[in-house]
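Only one structure is covered here, and it is reproduced in the block below.
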Amino acid sequence: MNLLTQPVGVSHYLIVGAIMFVAGVVCMATKRNALGVLMGIELVLNGANVNFVAFGSVYLRPEVTGIGLDGQLVALFVIVLAAAEAAVALAITLNFYNNHSTVDVDQADELKG
Amino acid sequence: MAEFLQAYLAPWWLAYVVAALVHAVLLINVVAVGALIFIWLERKVSGRIQDRLGPTRVGGKFGWLQTLADGLKLITKEDLMPEGADGMLFRMAPYISFCASFAGYLALPFADNWVGARLNTAVFFILAVLGLEVFGVILAGYASASKWSLFGAMREAAQVVSYEVPLGMCAVVPVLIAGSMDLVTIGQMQHGWFTNWFVFHDPFTFITFWVYFTCATASVNRAPFDLAEAESELVAGFHTEYSGLRWSIFFMAEYGSMFAVSGLAAILFFGGWNGPLPITEWLGLADTTNPVLSYLGNFIGMLNFMFKCVFGVTFMMWVRWTLPRLRIDQVMTTCLKYCTPIAAASFLGATLWTYFLPGGLILPNNAYGLVREGQLIDGPYPPADAEGPSKETANEKTAGTGDLISQVAGEHRGRD
Amino acid sequence: MDAINWHSFFFLFFALLACGFSLAVVMTSNIVHMAFYLTLALGATSGLFFLAGADFVGAMQLLIYVGGTLVLLIFGVMLTAKGPFISMKTSAGDLVLGAGVGGALLVLLLAAATQVDAWRVSEPSPPVAQVTASRLGMALLGARVDKLDEKDPVQARGMSGYLLPFEIVSVHLLVVLIGSAYLARPKKRMVGGPVDTA
Amino acid sequence: MATQLDDPRIIEFDVRTDEMLVNMGPQHPSTHGVLRLVLRTDGEVVSEVTPHIGYLHRCAEKIGENLTARQWIPYTDRMDYLAGMNMNLGWALAVEKLMNLELPEKARHLRVLIVEMNRIASHLVGMGAYGLDLGTFSPFLYAFREREKILDLFEEVCGARLTYSYITVGGATADLPTGWIETCERFLAQLEPVIEEYHALLTTNAIFVRRTAGIGILSPEKAIDYGCTGPVLRGSGVDHDLRRDGEQRYTEMYDGYAFEVIVEKNGHYPKDHNYPAVPGSAVLGDCWHRFYVRMLEVMQSIDLVRQAIDRYSMATGSWGEPIKLTEKLPKGEAYLETEAPRGQMGFYVVSSGSGAIPWRVRARSSSFCNLSVTHDLCRGCLIADVPAIVGSLDIVMGEIDR
C-alpha cells in the first residue's frame, strides 16, 4: 500500500503510538538517570495520547460518533496531569540530588531490607 | 493558488509544492526583510533617542543598506565554536529559535483572510510556538560550555516559563470577548470605528493590553527584561560564544518574535487590519465580491496592520533605549506579584463585563454581534437561532449546569 | 498515478519525526541530548494531533507540554547535569533485557493496532473541519454538545460531561503546586554536620 | 527561646547547586577597564568577590624617580585619565610644597576653574558608565555629549583632550585663551538644565532606584576603616571633603569660595539647588547615595566654576609661570592630598637635594582604597548587583595600577 496516496487510518496512528509507548517503556527500564526515567514516562503518556486522539478523530473514524470528544478530552487531561506529574517528579529528583548528590536511580536503595 | 497553478504546471503535484513554497517564501521574507528593516530602524531610533544620527552612509542618505552590509560582514566572519561545546546542540540552537519565531507567522493574519494557515486555535498556536523560542536560547546557553552562557540560559528558562502564564491569561481576554480563538474572526469582529477595538471594549481590556505588552516584552527578551543577554552582567549571555551567521540568526529570531507579538497585540486589541475609521467600507472595498476591490481593501488593511506592528516594535525600542535593566528577582516579582494577579483580575472583570454588557463600553449592544464557531452572526445576543427546536432537550439534558451553558449548548445544537 | 494524499504525506512526515526522535531518546545516553530529542518528538506529536483534527489538543500540547513541562525538565537537567551524570551508561544486560521486553511489547501492540479492519483506512474524503475548542470547553463544564442527538443509550452515556474530572484535576493541580513547593522548599543543614531533614 | 533559626550553624539551602568560580574580567563590558573580579557564585548569588588588579601597571612611580618634577606631569595624566587636570594639580601642589613655592592669585583661581571643570567631566563619565552598568545605554551618550564640550574647552586651553599636562609646578603651562571664559559660561548655562534630564533618566527612574537603593550598603565606620574617600565616603554620610578639611596649602585655593560639602547631614542634603528628593527605599551608604553625591557634586562644581570665573577675571598678575624643567629640588620630603573626583589623591615626593630628579615618588590612589571594599559589599548579593556596586565605586584602573 502506498502511504503517500492512500488515506491513513486509525491503525497508522496506533502504530506511531505503539512505537512511542514502547520507546518510553524501554527508556524507563534502562535509563539510570532519574530524569531519563521521567522522560520515558512522558513518552509513554504521549504514545497513549496519540491513541486517544486517533480514536476520537472525526477524520479517521467518521462512522463512529460514540467516542466523539472523549478522546480529545482524555488527551487534555493526560497533558495536564503529565505536567503535574513532571513537577512533582522533578521536585523529588532535585530533593534526591540534594541529599545524595546523584541522580542515579540505582543508588536510591536506602529502603532495601 | 494551487488550483490556479495546476492549469499550467505539468506534474500536477508540483502545483502544490510551488504554492506551498510561494507561501513559505512570502512569510520568510516578512521575517527576514522585517528583521533587516527593524535592525536598521532600531539603529535609527536609538540614534535619535541618543542625540546622534545613526547610520548615514551605506546605501544613501539614511543608511538604508547598513544592515545588509553588516549581514555580509557577518556571513564572511569565521564561525567559531568553543572547544568544549556540545557541537550538535550548539549548531542547532539558533535555527530552533528562528524556526519557532518563524512558525508563529504561519497563523498570523496580515489582512482579512490573508493568512498562511487559518487555524481555529491561532491565538494559542502563536503563543505556544513563540514560547518554543526559549529552547533555542536554553540549548545555546548550555551547549556553549561557557559559564556566562549558562547563566543566561538559566535566567531565560525561569523568566519565559513564568511570563507565559500572565501572557496566556491576557490573550484569553479578547478571545473571551470574541468567543473565538481564530485570529481572523477576532479581527473581523473589530471592524468599523476604532471604538470597536477590543482595547476600548471595557476598562479591563485596556488594563489587559498593558499587561500583555509588558509580558510580551519580557517573553521576547527585550530590555528592560533582556536578562538572558544582559551585556553588563553576563557579557552577552546565551550568545556569548556565538559569532557570524549563527549569531545573526539569533537576532533575526528576536526581531521576528518582536514583530509577531506586536502583530498579536494589534489583532487582539487594536483591530488588526481595521483602520481607526471604516475607510474601506466608505470606499466600498469591504464585503465586496469584486476581486480587485477586495484585494485593494485587503491591501489597505495590510498597511494598517503593518503600521500597528511597526508602532509596537518601535515602542519596544523606545522602552529599550530609555530604561535600565531589571534584576532577575525583580523580573520575577514583576511577573508573579504584579502581572499575574492583574491579568487574573482583569480576566475576571472582563468576564463579568462581557456577561452583563456584551456590547462593550462605548457602543452598548453594537450592531456587529457575537461570533461563535468562526461565524459572524448579526443581531443581538443571544442569537435568534438559539431558540431552536432542541433548546428544551438541551435544557433537560444539562439540567443543573446553569443557564448560560444550556443556552450556548442549545445554540450549538441549532447550528449543528 | 493516484493523487498524493496530503494528509497522509504530512502524517508520514510527523510520524517519522515522532518515532525517530522517540527512538533517539532511547538510544542516546547523553541526558541533554535526550531532553532535546524528547522536545522534537513531542513537537512532532502535536503535529499529529493537528492532523487528526484535534487543533486544541495540539496547541495545548505545544503550550503546556513542550513549552512548559519540557522547559522545566530541561531546567532540572541543567541543574543536575554535572560531569558523571551527563552520560550514564546502561549495563549491557539491562539493555538486552529492555530491548527484548520492548520488542515483545511492540510486536503485541502492532498486532493489536493492525488487527481491526475498520481502523486501517478512513473515508477518502474527510468531513469538513470542526471547531472543537468551545465544544471541549462545554464538555469540561458538563454539557456534551456533540451528543445531544444521540439516541443509542450506550453511546449517549457520558452525557454528563467532564465536570467532575475537571474539578478533580483542578484540585489535583493545586495539591501538586503546594506539594512540589513543599518538596523543593529551602531546607536547613548544619554547618559541617549531618543533613537535617526537618 | 532559642529556635532552630537562631542557631548560626544551621544554614538554609535551596536546590543544591555547586559553587562556581567565574571570572568577571579582565575582558568584561562592565569592569571599567581591566579589572578582574573572581566571583564565587552559587546560582545567581555571589558569595565572594576577589578583585585582581595589576593589568594596567606601568611603573609610573619608578619612572617618576628618573624624571624631573615637571617631566613627570604627563605620567600623572595617565593615572586617573578621566580627571587628568586633578592629577596634575596633586603632583604640582606636592612639589610646590616641597619647594615652598607661593603662587600668584590668578594662578590659584585658574586652577580651581580648570580642576572643577574636569571634576564635572569626570562625574559625567561616572554617571554615564553607571547607567551602562545597569543596562541603559542612552545616558552614557548624553553624558559624553556634554563631556565633549568640556574636552573642546580643554583642547582650546592646552591642545590635548585627555592627557592635558596643563597644570604644572609653578602654575600652568599657559594662560586661558581670549574668549574662553565666555564660551565656558555659555556651556555652564547650557549644562545646568541638562542635569535635570539626567536626574529624570537615572536618579529618579523607578527601575534605577530599585536597582541601586539598598544595594551595597557601606556603613560610615567601614568606609573610614577601609580608607574610602571622595563620593564613596560622603555617600556613607561622613562629612569630609579636603577642599574644606585639607591641608592649608590646598584649602587656600578655595579660600573665599562659597560651597557646601555634599553630604547628608541631619537627614538631608544641601538645598542650594532644586535636587530631586531621596527615595524612601534608599539607605545611607548604598549605591544610590554614592551616585547621588556625584550628581550633586556636578552642580556644586558648576557653582565653583562660576565663582572661579568671576575671581579669575578680577585677578591681576601672572597666571603662574611654570618652573624650569630642570629646576633643582631642595632636600626634604613632602606629601599632599587633594580632593580628586574619585577621592583623596595623595602624592609623596622625597628629594635628596642633589638635583632636579626626586629620590622617591609615590602616589596614594583613591580608587585603590575604594575598590578594596568590593568583597565586603558584594558578599551575598546577586550577580547583577556586582556591576551595580563596582560601578557605584566609580574606579579608574589607570589610577589603581599606576
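These numbers come from a predicted model, not from an experiment. Both backbone and side-chain heavy atoms feed into the values below; hydrogens, waters and symmetry mates do not.
A side-chain contact (heavy atoms from CB on, under 4.5 Å) with D/Trp288 is found for exactly one of D/Leu202, D/Thr203, D/Ile215, namely D/Thr203.
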### Task
Might you work through the side-chain contact (heavy atoms from CB on, under 4.5 Å) test for D/Leu39 and D/Asn23, ending with a clear yes or no?
CA-CA 6 Å; D/Leu39 313 182; D/Asn23 264 317; over 6 Å; no
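At least one test fails for B/Arg246 against the ring of B/Tyr242: distance under 6.0 Å to the centre or angle within 45° of the axis. The cationic atom of D/Arg145 (NZ for Lys, CZ for Arg) lies less than 6.0 Å from the six-membered ring centre of D/Tyr142 and within 45° of the ring axis.
Both the backbone and the side chain of D/Leu134 come within contact range of chain B, with heavy atoms under 4.5 Å apart. With a 4.5 angstrom heavy-atom cutoff, B/Leu323 touches chain D via backbone and side-chain atoms both.
Counting heavy-atom pairs closer than 4.5 Å to chain D, the top-ranked of the candidates B/Leu234, B/Thr322, B/Leu326 is B/Leu326.
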